[in-house]
Structure formats: structure tokens, C-alpha cells
Chemist: 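Here you go, one structure.
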Amino acid sequence: MSVFEIRDNFYLNGKPVKIISGAIHYFRIVPEYWRDRLEKLKAMGCNTVETYIPWNLHEREKGEFCFEGILDIERFVGLAEDLGLHVILRPSPYICAEWEFGGLPAWLLREDGMRLRVSYGPFLRHVEEYYKVLLPKLAPLQCTKGGPVILMQVENEYGYYANDRAYLEEIRRLMREGGVEVPLVTSDGPFPESLNAGKLPGALPTGNFGSRTADRFHTLQEYTEAGPLMSTE
């Protein structure tokens, strides 16, 4: 059992740790290759692997869940742990990831008046029902339970979409009530407009960007309350 904390830096069991992470999306790779890809990621110098979790694959039809084969997230995380890697999970509802409908199930659109990624009761009820199946699988994998998961993300790039703080707070509530104990992060473009809209008290803001690192971190620094700077993509 370990304690991962976000203060002025990242700390694991009281000692500073630098997260050097790479993305491997388990649902894009056949399980037979998972270990090979994780070994390659570690050989590159990474100490952490992160992955999104696509709602539209795990619940293709309402109430029909699958966590087997290529969707066995518990096995994937277990392999990472076997190799000594930390894990960051980004469990939706929306993932983007250049994935169909950003990972939202298409069956949501069958409901008249459906509103996505905002404080709309029917949408949030579907998220809650999904989380009641998903989160019990993820909770035991946290470092607080002896597993490798050190961080989880709330939503994804929400500041590009809307500024419904109550919605983000509800997603956070569902995660916490579902057993998520590790620190939380948000992830947005490192611009004032998206960071202001996507930030969530109690979650470390991180940035998605690919260039001008000094400038991007300078902007991000205004939002981290003296916390560490992190690029999540």
C-alpha cells in the first residue's frame, strides 16, 4: 500500500518522484502484444503508462458490459504492475483520443433531448450506472490498495467544450463515491480560456500541448496553486 500526493511536487510515500509517462491504449492493441508494448515503453525510459478507458466499448449497448479480451483493463494494469510501472487512468465519460464519438456510446443519442457532458440528469444517470460497474474494477488497482494506479483524470479537455463546473463536480463526486482515492487531475489546452473553463478545485490542472513548452508551462503555472507542472499529452 502506497501514498501518492500532489504538493509542490509529486510524492510517493513521502519521496519526490518524477513522472515520465507514455500512452498505451489497451483497446487499440491485441492482448497478446500488451506485455511487449509495455516492455518497450519501459525500455524507452518511462516509469509510468497512461490509458484512456472507452465507455462506448465497455458498454456497447445500454446495460451490456464487457471487460474481457482486448477490454480487460484489470489484466492490462496488472501487466504494467508486473513490470514495475506506475499507471495513470483517464476513465471518461469523454476521452477524445481520436476515437469514435470521443468514447461516448452512440446509444445515448437515441434519447430525445439528450445533452452530453453537462449537468443534465438523464446523461449523468447513465454515467453513474456505468461507473457503478467500472469503478469497482479500478478501485482495487490504486496504489492505496497496493496496486500501481497513482492518478486518475476527471473528464478530458473539458475547457474546449463547456464551462459547466457543476458537471465536473458531479463527475468528481461519482468517482470519489465509487472508491477513487488517488489524486485527481484535469487536462486542458494550456490557454487561459480552456484552463478557466476546465479547472476543478481539488484537481491538479495539467496541459495538453506539443510545442512551446516554456510558454505553455508559464501559462499553466498560473493555475496550479504552486503545484507541479505536468503535460499529460
Side-chain angles (χ1 to χ4, degrees), residues 1-2 4 12 17-108 127 129-153 155-157 175 178-182 185 187 206 208 210 230-233:
M1 188 168 107
S2 300
F4 188 81
L12 183 62
V17 60
K18 184 180 290 292
I19 296 175
I20 306 173
S21 180
I24 296 181
H25 299 163
Y26 62 98
F27 52 93
R28 283 181 154 123
I29 303 169
V30 294
E32 291 81 0
Y33 289 174
W34 284 349
R35 178 176 287 274
D36 173 80
R37 299 304 187 260
L38 289 165
E39 288 174 342
K40 286 179 167 63
L41 179 132
K42 186 173 182 179
M44 290 170 56
C46 291
N47 61 13
T48 305
V49 62
E50 63 94 349
T51 183
Y52 287 117
I53 298 175
W55 183 6
N56 61 0
L57 288 187
H58 287 293
E59 191 180 9
R60 290 179 184 269
E61 292 293 337
K62 176 64 181 175
E64 298 178 9
F65 298 97
C66 181
F67 291 90
E68 300 176 350
I70 201 171
L71 298 179
D72 192 343
I73 178 64
E74 294 164 284
R75 180 186 169 206
F76 178 80
V77 172
L79 286 172
E81 182 178 21
D82 290 345
L83 294 171
L85 292 165
H86 306 305
V87 177
I88 298 171
L89 296 179
R90 309 171 84 172
S92 71
Y94 178 81
I95 65 172
C96 187
E98 290 67 54
W99 192 252
E100 166 120 0
F101 204 19
L104 296 173
W107 49 259
L108 289 168
V127 175
E129 289 163 1
Y130 167 55
Y131 274 7
K132 283 182 177 178
V133 177
L134 173 68
L135 295 180
K137 297 180 180 296
L138 305 184
L141 307 177
Q142 298 172 101
C143 63
T144 55
K145 305 295 186 184
V149 176
I150 56 173
L151 288 172
M152 289 200 206
Q153 182 175 303
E155 250 280 352
N156 186 62
E157 295 184 335
M175 292 177 71
V180 174
E181 300 174 341
V182 294
V185 300
S187 184
T206 70
N208 289 358
M230 180 177 183
S231 172
T232 35
E233 290 184 23

Chemist: Decide yes or no for M152 and M175: does some side-chain heavy atom of the first lie under 4.5 Å from some side-chain heavy atom of the second?
Modeler: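 Yes. Closest side-chain heavy atoms under 4.5 Å.
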Chemist: Can you give the donor-acceptor pairs under 3.5 Å from side chains of residues 74-83 to other protein atoms, not counting sequence neighbours?
Modeler:
none

Chemist: Going by heavy atoms in the side chains, are L104 and I95 under 4.5 Å from each other?
Modeler: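 Counting from C-beta outward, L104 and I95 never come under 4.5 Å.
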Chemist: Using the benzene-type ring in the case of Trp, are the ring centres of Y94 and W55 under 6.0 Å apart?
Modeler: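 No; W55 has its ring centre 6.0 Å or more from that of Y94.
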Chemist: Mind checking side chain to side chain contact (heavy atoms under 4.5 Å, CB included) for L12 and listing every partner two or more places apart, or none if nothing turns up?
Modeler: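 Side chain to side chain contact (heavy atoms under 4.5 Å, CB included) list for L12, sorted by chain: S2, F4, V17, H86.
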Chemist: What's the separation between atom CG in D72 and atom CZ in F67, rounded to the nearest 0.5 Å?
Modeler: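 Interatomic distance, D72 CG to F67 CZ, rounded to 0.5 Å: 10.0 Å.
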Chemist: Measure the SG-NE2 distance between C66 and H58 for me, rounded to the nearest 0.5 Å.
Modeler: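 Separation between the atoms: 8.0 Å.
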Chemist: For a quick test of reading the model, state the closest non-hydrogen atom pair linking G178 to A139 and the distance between them.
Modeler: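 Scanning both residues, the minimum pair turns out to be O-CB, 4.2 Å.
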Chemist: Side chains of N156 and S187: donor-acceptor distance under 3.5 Å anywhere?
Modeler: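 Note: N156 and S187 side chains miss the donor-acceptor criterion.
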Chemist: Determine whether V87 and E50 make a side-chain contact, defined as any pair of heavy atoms from C-beta on separated by less than 4.5 Å.
Modeler: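 Side chain of V87 against side chain of E50, heavy atoms only: no contact under 4.5 Å found.
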Chemist: What pair of heavy atoms forms the shortest contact from C46 to G22, and how long is it?
Modeler: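 Looking at all heavy atoms of both residues, the closest pair is SG-N, 3.8 Å.
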Chemist: Keeping the roles fixed (side chain from N56, backbone from F101), state whether a donor-acceptor pair exists under 3.5 Å.
Modeler: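 Not a single qualifying donor-acceptor pair exists.
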Chemist: Which heavy-atom pair separates Q153 from P91 by the least distance, and what is that distance?
Modeler: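 Taking Q153 first and P91 second, the nearest heavy atoms are O-CD, 3.3 Å.
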Chemist: Supply the atom-to-atom distance R60 CZ to L71 CG, rounded to the nearest 0.5 angstrom.
Modeler: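 That separation rounds to 6.5 Å.
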Chemist: Is it true that, when you exclude E61 itself, more than 12 heavy atoms of the residues, nucleotides or ligands shown sit nearer than 6.0 Å to its CD?
Modeler: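 Enclosed: over 12 neighbouring heavy atoms sit under 6.0 Å from CD of E61.
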Chemist: Kindly compute the distance separating CG (L141) from OG1 (T144), expressed to the nearest 0.5 Å.
Modeler: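 Rounded to the nearest 0.5 Å, the CG-OG1 separation comes out at 10.0 Å.
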Chemist: Working note: V180 + Q142, criterion side-chain contact (heavy atoms from CB on, under 4.5 Å); need CA distance, chi angles, decisive distance, verdict.
Modeler: CA-CA 8 Å; V180 174; Q142 298 172 101; 3.9 Å; yes
Chemist: One pair to check against side-chain contact (heavy atoms from CB on, under 4.5 Å): V182 and I150. What are the steps and the verdict?
Modeler: CA-CA 6 Å; V182 294; I150 56 173; 5.7 Å; no
Chemist: Tell me if the OH atom of Y33 is crowded by more than 12 foreign heavy atoms within 6.0 Å.
Modeler: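 No.
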Chemist: Any idea which heavy atoms bring Y130 and S92 closest together, and the distance?
Modeler: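 Between these two residues, the closest heavy atoms are CE2-OG, 3.6 Å.
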Chemist: Consider side chain to side chain donor-acceptor pair (under 3.5 Å). Of H25, E233, E155, which one does R90 pass it with?
Modeler: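 The option that passes is E233.
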Chemist: Would you call L134 and I53 a side-chain contact if the rule is heavy atoms closer than 4.5 Å?
Modeler: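 Contact flag for L134/I53 side chains = yes.
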Chemist: Answer yes or no: is there a side-chain heavy-atom contact under 4.5 Å between T48 and I20?
Modeler: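 The answer is no; the side chains never approach within 4.5 Å.
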Chemist: With a sphere of 6.0 Å drawn around NZ of K62, does it hold more than 12 non-hydrogen atoms of other residues, nucleotides or ligands?
Modeler: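 Enclosed: over 12 neighbouring heavy atoms sit under 6.0 Å from NZ of K62.
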Chemist: Do T206 and S231 have side-chain heavy atoms sitting under 4.5 Å apart?
Modeler: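 A side-chain contact under 4.5 Å is absent here.
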Chemist: Between the side chains of N208 and E157, is a donor N or O closer than 3.5 angstrom to an acceptor N or O?
Modeler: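 Present: a donor and an acceptor within the cut-off.
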Chemist: Does the side chain of Y52 come within less than 4.5 Å of W99's, by heavy atoms?
Modeler: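 Side-chain contact under 4.5 Å: no.
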Chemist: Salt-bridge test for K145 and E181: reply yes if a basic N is under 4.0 Å from a carboxylate O, no otherwise.
Modeler: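 Looking at K145 and E181, the cut-off is met.
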Chemist: Quick check: do I24 and T51 have side-chain heavy atoms less than 4.5 Å from each other?
Modeler: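 No - every pair of side-chain heavy atoms lies 4.5 Å or more apart.
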Chemist: Under the side-chain contact (heavy atoms from CB on, under 4.5 Å) criterion, do I70 and I29 qualify, and how do the steps go?
Modeler: CA-CA 7 Å; I70 201 171; I29 303 169; 6.0 Å; no
Chemist: Apply the test side-chain contact (heavy atoms from CB on, under 4.5 Å) to residues I88 and V49: give CA-CA distance (whole Å), side-chain angles for both, the deciding distance (0.1 Å), then the verdict.
Modeler: CA-CA 6 Å; I88 298 171; V49 62; over 6 Å; no
